[in-house]
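To start, the structure itself, in structure tokens.
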Protein chains: 2
Amino acid sequence: MALKVTKNKSPKPPIGCDLTECMSMLSGAWAPNVIWHLRSGARRFNELRIDIPPVSAKVLSARLKELQERGIIERNVMPTSPPSVEYQLTELGMELVPALQAIVEVGHKLKMRD
Amino acid sequence: MALKVTKNKSPKPPIGCDLTECMSMLSGAWAPNVIWHLRSGARRFNELRIDIPPVSAKVLSARLKELQERGIIERNVMPTSPPSVEYQLTELGMELVPALQAIVEVGHKLKMRD
DNA sequence: GAATTGAGTTACCCTGCGGTAACCTGATGT
DNA sequence: ACATCAGGTTACCGCAGGGTAACTCAATTC
């Protein structure tokens with residue numbers, strides 16, 4: 001056989017927190033889309049439903065709640081009537097935008113490559 | 001009521017391809033982990049199983065196959081006996097690493113923030 | 001000749017997550 | 001008086017996707 005556990009010894013100096021845990025920030029259906037559509041400013045619940053077409057109210061509201069708990073977005077109720085609710089990225093949330101952008105760029109290149 | 005569809009008109013100049021589609025590059029359990037663990041070089045099937053503890057052979061092999069089809073990783077069979085198989089990131093695949101890194105950094109900050 | 005190894009594959013089960021549809025609340029417009 | 005609107009919530013259902021366990025195959029070593 002000859003090898004078994006040669007060279008490679010799992011080169012992982014704990015960078016901070018583990019990937020799985022960090023990636024779970026973006027977990028749940030439409031989570032990245034929500035962040036993406038908030039990248040250019042606050043939007044309201046029903047606007048987001050239209051922005052992200054096949055998302056159901058149930059899932060959107062669940063996702064918004066989670067993202068808020070994770071510290072990625074903020075919820076502000078506007079004293080109109082009926083009250084409308086605006087969601088926007090927190091400062092940390094905004095830091096995710098370039099990361100998503102980078103992913104989109106790679107995705108784009110992969111599509112062009114054939 | 002007063003508003004209905006005020007100001008915001010979905011500020012989306014199609015950046016290239018849509019987010020959902022691009023994000024699907026990373027879809028499936030453990031996909032980001034596979035990329036992450038290949039970031040510092042090629043690794044073999046059973047090494048990856050050990051690197052990413054609770055992944056089953058079935059899912060790992062499915063994920064590797066998908067990532068390969070997507071053009072993110074390459075598979076090389078080494079003529080040893082029994083043959084061992086090395087997986088490594090393609091050039092496009094490597095471009096995903098900084099994006100994942102950025103996400104990890106935000107995740108880390110969120111954890112520290114309390 | 002039996003056991004081990006690497007790299008999977010297959011059959012089976014089971015759960016969680018998302019979709020659909022209906023409903024709610026309080027203030028306003030007609 | 002009634003419908004409408006914003007922003008949800010709730011009950012129910014279905015299935016895709018992951019886990020487990022057992023098996024394969026060929027070459028090698030004991």
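Heavy-atom basis, side chains included; hydrogens, waters and symmetry copies ignored.
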Using the test side-chain contact (heavy atoms from CB on, under 4.5 Å), find all partners of A:Ala57 that sit at least two apart in sequence or belong to another chain.
-> A:Phe45, A:Arg49
Smallest heavy-atom separation, B:Met25 atom then B:Leu67 atom, equals O-CD2, 3.9 Å
Write out all pairs satisfying salt bridge (Lys or Arg N to Asp or Glu O under 4.0 Å) with one or both partners inside residues 54-63 of chain A, taking only residues at least two apart or from two chains.
-> A:Arg63-A:Glu66
Verify the contact: side-chain N or O of B:Trp30 to OP1 or OP2 of D:dG17, cut-off strictly under 4.0 Å; return yes or no.
-> no
First encountered from the 5' end of DNA chain C, between A:Glu66 and B:Phe45 | B:Phe45
First of A:Pro83 and B:Asn46 reached from the 5' end of DNA chain C, by closest nucleotide = B:Asn46
Between C:dT9 (P) and B:Arg63 (CZ): distance, integer Å = 13 Å
Closest non-hydrogen atom pair, B:Gly107 against A:Cys22 = CA-SG, 4.0 Å
Spacing of A:Leu60 atom CG relative to D:dG7 atom P, expressed in whole Å = 11 Å
Roughly, in whole Å, what's the span from CE in A:Met78 to C1' in D:dA6?
-> 14 Å
Listed pairs, N/O of protein and of nucleotides 20-22 of chain D, under 3.5 Å:
none

B:Leu64 CG to C:dG8 P: how many Å, rounded?
-> 7 Å
Using a heavy-atom cut-off of under 4.0 Å over every strand shown, decide if B:Arg49 touches base, sugar-phosphate, or nothing.
-> nothing
Rounded interatomic separation in angstrom, taking CD from A:Glu86 and P from D:dA6 = 14 Å
Within the distance-only criterion (no hydrogens, no angle test), does the side chain of B:Thr90 pair as donor or acceptor with the backbone N or O of B:Glu74 below 3.5 angstrom?
-> no
Determine, stepwise, if the pair A:Ile72 / B:Val106 fulfils side-chain contact (heavy atoms from CB on, under 4.5 Å).
-> CA-CA 10 Å; A:Ile72 293 172; B:Val106 176; over 6 Å; no
Restricting to pairs with a member in residues 88-102 of chain A, which pass salt bridge (Lys or Arg N to Asp or Glu O under 4.0 Å), not counting sequence neighbours?
-> A:Glu95-B:Lys109
Among A:Arg43, A:Gln88, A:Glu86, A:Met94, side-chain contact (heavy atoms from CB on, under 4.5 Å) partner for A:Leu38 = A:Arg43
Of the listed C:dT5, C:dG18, C:dG8, the closest approach to the B:Pro82 side chain comes from C:dT5
Separation of atom CG in B:Leu48 from atom P in C:dG6, rounded to whole Å | 14 Å
Side chain of B:Ser84 - closest among C:dT9, C:dG6, D:dG7 | C:dG6
Under the 3.5 angstrom rule, does the side chain of B:Glu105 hit a backbone N or O of B:Ala102 as a donor-acceptor pair?
-> no
Minimum-distance nucleotide to A:Tyr87 side chain [options: C:dA7, D:dG18, D:dG8] = D:dG8
Under 4.0 Å between a side-chain N/O of B:Ser61 and OP1 or OP2 of C:dT9, yes or no?
-> yes
Please give, in whole Å, the distance from C:dG6 P to B:Arg43 CZ?
-> 14 Å
For the helix from C:dG1-D:dC30 to C:dT30-D:dA1, figure out the bend between the end axes, five pairs an end, and round to 10 degrees.
-> 10°
Nearest-Å distance, CD1 (A:Ile50) to P (D:dA6)?
-> 9 Å
Less than 3.5 Å apart, which donor and acceptor atoms pair up between the side chains of residues 27-35 of chain B and the rest of the protein, not counting sequence neighbours?
residue	atom	partner	partner atom	Å
B:Ser27	OG	B:Ser24	O	2.9
B:Ser27	OG	B:Arg70	NH2	3.3
B:Asn33	ND2	A:Thr20	OG1	2.7

